[in-house]
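Written out below as structure tokens is the structure these notes cover.
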2 protein chains.
Amino acid sequence: MNLTLRQLRAFVAVAECSRFALAAEQLHLTPSALSMLIKDLESELGVKLLDRHTRMVRVTEAGREFLGSARRVLQDLDIAVLNSRERAAYKHGKVAVASASVLAVTLLVPFMREFQAAYPGVRVEVRDTAEENIKDALLAEEADIGIGTYEEAQSEITETELFRDTLVALIPEQHPLARKRSVSWSELAQWPFIALSPGSPIRRDLDAHLAAQGIRLNVAYEASFPSTVFALVSNAMGIAVLPANSRQLMNMPGIAYRPLGKPKLMRRVCAFHLKHRSLSPAAELFHRLLVEYVEAHRSRLTVPVDPASG
Amino acid sequence: MNLTLRQLRAFVAVAECSRFALAAEQLHLTPSALSMLIKDLESELGVKLLDRHTRMVRVTEAGREFLGSARRVLQDLDIAVLNSRERAAYKHGKVAVASASVLAVTLLVPFMREFQAAYPGVRVEVRDTAEENIKDALLAEEADIGIGTYEEAQSEITETELFRDTLVALIPEQHPLARKRSVSWSELAQWPFIALSPGSPIRRDLDAHLAAQGIRLNVAYEASFPSTVFALVSNAMGIAVLPANSRQLMNMPGIAYRPLGKPKLMRRVCAFHLKHRSLSPAAELFHRLLVEYVEAHRSRLTVPVDPASG
DNA sequence: CCGGTTTACGGCAAACGTAAGGATG
DNA sequence: CATCCTTACGTTTGCCGTAAACCGG
């Protein structure tokens with residue numbers, strides 16, 4: 001079982017040309033080399049494939065049968081190779097992205113718009129989820145790339161920081177704190193607080209930041225999604241702290257945004273992927289372009305808090 | 001476009017083993033050679049097919065897609081090779097034989113019985129036809145092998161003599177000639193004669209043989225098939241000359257068989273095939289075994305004429 | 001450190017091209 | 001005799017194996 005694709009290609013070429021010399025030219029070979037290829041193929045198969053005579057070359061019965069298979073094999077292979085190369089050229093492919101829900105709106109979708117325009121063949125699947133589920137989605141290989149808040153390094157996952165985002169206070173407009181231009185960390189603890197669920201990295205960062213200052217929040221409600229937090233604040237159920245970035249999510253009435261005092265707490269937005277699983281060409285491209293996109297739009301993404309607005 | 005089947009086999013093996021070292025062993029290669037094969041394949045395709053790490057090898061997304069194609073290609077090829085080899089081993093194949101009608105009965109069918117018992121996989125197609133149509137069937141490539149009477153060599157066709165057969169006279173039992181132990185050529189011309197059609201090689205041989213002696217037949221009837229000649233003689237419509245062999249065809253009543261005088265006329269039974277078209281393995285085998293069969297059964301085929309019988 | 005893959009390099013076999021030979025129309 | 005395929009032979013290419021490096025757990 002030592003037959004080669006060269007032999008197959010040689011045979012198909014000769015069968016199509018009905019001439020060794022002509023086929024040899026097409027294959028960029030000498031007739032002698034071609035003759036060898038056919039001879040070897042025939043001896044591999046044990047059957048004569050071609051009747052050669054001075055004035056004609058004809059495919060035998062056994063040759064006709066084999067010719068069909070050879071053609072199909074070569075064609076299937078060509079298609080497979082072409083597919084792989086198109087994949088490499090981003091003509092098709094798939095990227096599955098698991099993104100924190102707010103970032104899906106503020107970062108991912110605007111980026112995807114550009115990405116899809118440039119690479120319409122690549123299918124992008126977005127899964128918007130709570131922050132705490134992103135790494136699970138990666139580990140379960142349901143997503144190629146995750147987008148969320150930095151968590152302490154895990155050996156399985158590589159993170160790439162995209163940008164940093166200031167945390168701001170969300171205060172109901174009638175709330176006493178709304179009258180201040182900025183809110184200190186200690187003031188937060190004095191009022192009923194609407195927190196993200198404890199699993200959220202943002203919540204963890206906030207808790208750690210406050211704990212370092214000996215402050216403990218007075219948590220009235222916990223929600224998984226920032227949108228719910230907005231609704232709660234909007235209805236004066238308490239105050240909250242969210243990344244400034246999330247203001248782009250929705251325009252809820254009755255919420256005042258105030259900067260938080262020192263020490264500043266920043267939220268690090270990262271892209272994640274599995275360390276041991278190489279990104280597909282499309283995913284690799286997506287990741288690279290996302291980083292470039294963030295660099296180009298850093299100013300918009302790291303929105304300064306203007307206390308006058310909202 | 002320089003990828004090889006070795007690369008494909010290597011990739012499939014590694015994908016199945018999830019280990020280079022193990023796959024290398026299966027392929028009778030060193031891990032180093034295998035590594036090269038995979039590397040070259042990947043660079044041909046432009047995509048990474050495998051994620052290699054110290055403790056595991058995993059197929060990438062692009063690799064999974066290509067793996068399917070690679071498997072199918074290799075399998076199709078294996079099947080095609082197997083088919084060809086089975087053909088070479090006479091496990092299957094086809095032989096189309098065009099035979100003169102009498103020889104189909106007296107020679108071909110008895111031989112086929114032995115042949116089919118030995119090679120049940122080979123499909124034998126018999127076309128029984130008038131002698132004069134055998135070469136046409138070959139030239140039209142409707143038959144691989146022809147069996148009939150020798151005709152002067154044609155450049156396109158190769159003939160192999162199988163056996164020689166004496167011509168005998170067929171005389172109605174009440175006919176005056178039936179009283180003689182043998183019939184001379186000149187006596188033939190004196191009675192109404194039932195001849196084969198002028199296209200038949202037997203007729204041509206007979207005419208030439210007689211012409212050389214200055215004898216011309218008194219042709220009363222012409223028939224394409226010996227069976228019709230038998231019927232005409234049996235009904236006392238005339239006398240005839242046929243190969244002795246054809247007596248095995250049918251046992252018509254009222255016919256006396258008589259040897260013909262000197263110079264002896266023999267009919268040469270040949271196998272024909274196209275010179276420029278090689279026989280398929282099955283046809284080649286059929287031809288060879290047919291020659292051996294004839295040698296083994298020469299005595300039966302060249303039936304001596306016993307004037308006492310019939 | 002150990003298991004496993006990759007890189008570097010030398011040797012060898014397989015494949016190619018050149019040139020002569022053979023067959024055929 | 002001209003053409004086309006095949007054979008013979010010398011050369012080169014490329015592939016494999018050995019050994020060392022490298023990487024990750």
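Chain letters run A, B, ... following the sequence lines, proteins first and then strands; every chain starts at 1. Since the model is a prediction, treat every value here as computed from it, not as a measurement.
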Between the base of C:dT7 and the side chain of B:Ser35, is there a donor-acceptor distance below 3.5 Å?
-> no
Salt-bridge present (A:Glu284, B:Lys48; N to O < 4.0 Å) = no
Ion pair present between A:Glu61 and B:Lys94, side-chain N to carboxylate O less than 4.0 angstrom?
-> no
Euclidean distance, atom CZ of residue B:Arg58 to atom P of C:dT5 [Å, nearest integer] = 16 Å
Rounded to the Å, how far apart are B:Glu25 CD and D:dG17 P?
-> 13 Å
Looking only at side-chain atoms of B:Leu37, point me to the closest of D:dC16, D:dT6, C:dT6.
-> D:dC16
Would you indicate which nucleotide in D:dT7, D:dC5, C:dT7 comes nearest to any side-chain atom of A:Phe20?
-> D:dC5
Rounded to whole Å, the CG-P distance (B:Leu5 to C:dA14) equals 17 Å
Could you tell me the separation between the CG atom of A:Leu50 and the C1' atom of D:dT6, rounded to a whole number of Å?
-> 14 Å
Have a look at B:Leu34 and say if it touches a base, only the backbone sugar-phosphate, or nothing, with a 4.0 Å heavy-atom cut-off.
-> nothing
Nearest-Å distance, CZ (A:Arg6) to P (D:dG14)?
-> 10 Å
Would you check if there is a donor-acceptor pair between the side chains of A:Asp51 and B:Ser278 at a distance under 3.5 Å?
-> yes
If each of B:Lys39 and A:Ala33 is mapped to the nucleotide of DNA chain C with the nearest heavy atom, which maps nearer the 5' terminus, i.e. the 5' end?
-> B:Lys39
Would you jot down, in residue-number order, the residues of residues 12-19 of chain B having a non-hydrogen atom under 4.0 Å from DNA chain D?
-> none
Charged N-O contact under 4.0 Å between A:Arg87 and B:Glu65 = yes
Atom CE of A:Met56 to atom P of D:dT3: distance rounded to whole Å?
-> 19 Å
Roughly, in whole Å, what's the span from CG in A:Leu29 to P in D:dC5?
-> 14 Å
What's the CZ-P distance between B:Arg52 and D:dG25, to the nearest Å?
-> 16 Å
Check nucleotides 21-25 of chain C for protein N or O atoms closer than 3.5 Å to its own N or O atoms and list the pairs.
| unit_1 | atom_1 | unit_2 | atom_2 | d |
| --- | --- | --- | --- | --- |
| C:dT24 | O4' | A:Thr54 | OG1 | 2.6 |
| C:dG25 | OP1 | B:His276 | NE2 | 2.6 |

On DNA chain C, check which nucleotide each of B:Leu22 and A:Met36 is closest to and give me the residue with the more 5' one.
-> B:Leu22
Parallel, tilted or perpendicular: ring planes of B:Phe11 versus B:Phe66, cut at 30 and 60 degrees = tilted
With the threshold set at 4.0 Å, does a side-chain nitrogen-carboxylate oxygen contact exist between B:Arg19 and B:Glu25?
-> no
So does A:Glu16 pair up with A:Arg71, basic N to acidic O under 4.0 Å?
-> yes
Please determine if B:Glu125 and B:Arg123 form a salt bridge, counting it only when a charged side-chain N lies under 4.0 Å from a carboxylate O.
-> yes
Pick one: which of B:Val14, B:Leu37, B:Leu74 meets side-chain contact (heavy atoms from CB on, under 4.5 Å) with B:Arg9?
-> B:Leu74
Considering only C:dT5, C:dA15, D:dT18, which nucleotide approaches the side chain of B:Ala21 most closely?
-> C:dT5
Have a look at A:Val124 and tell me which of A:Phe111, A:Tyr119, A:Phe286 forms a side-chain contact (heavy atoms from CB on, under 4.5 Å) with it.
-> A:Phe286
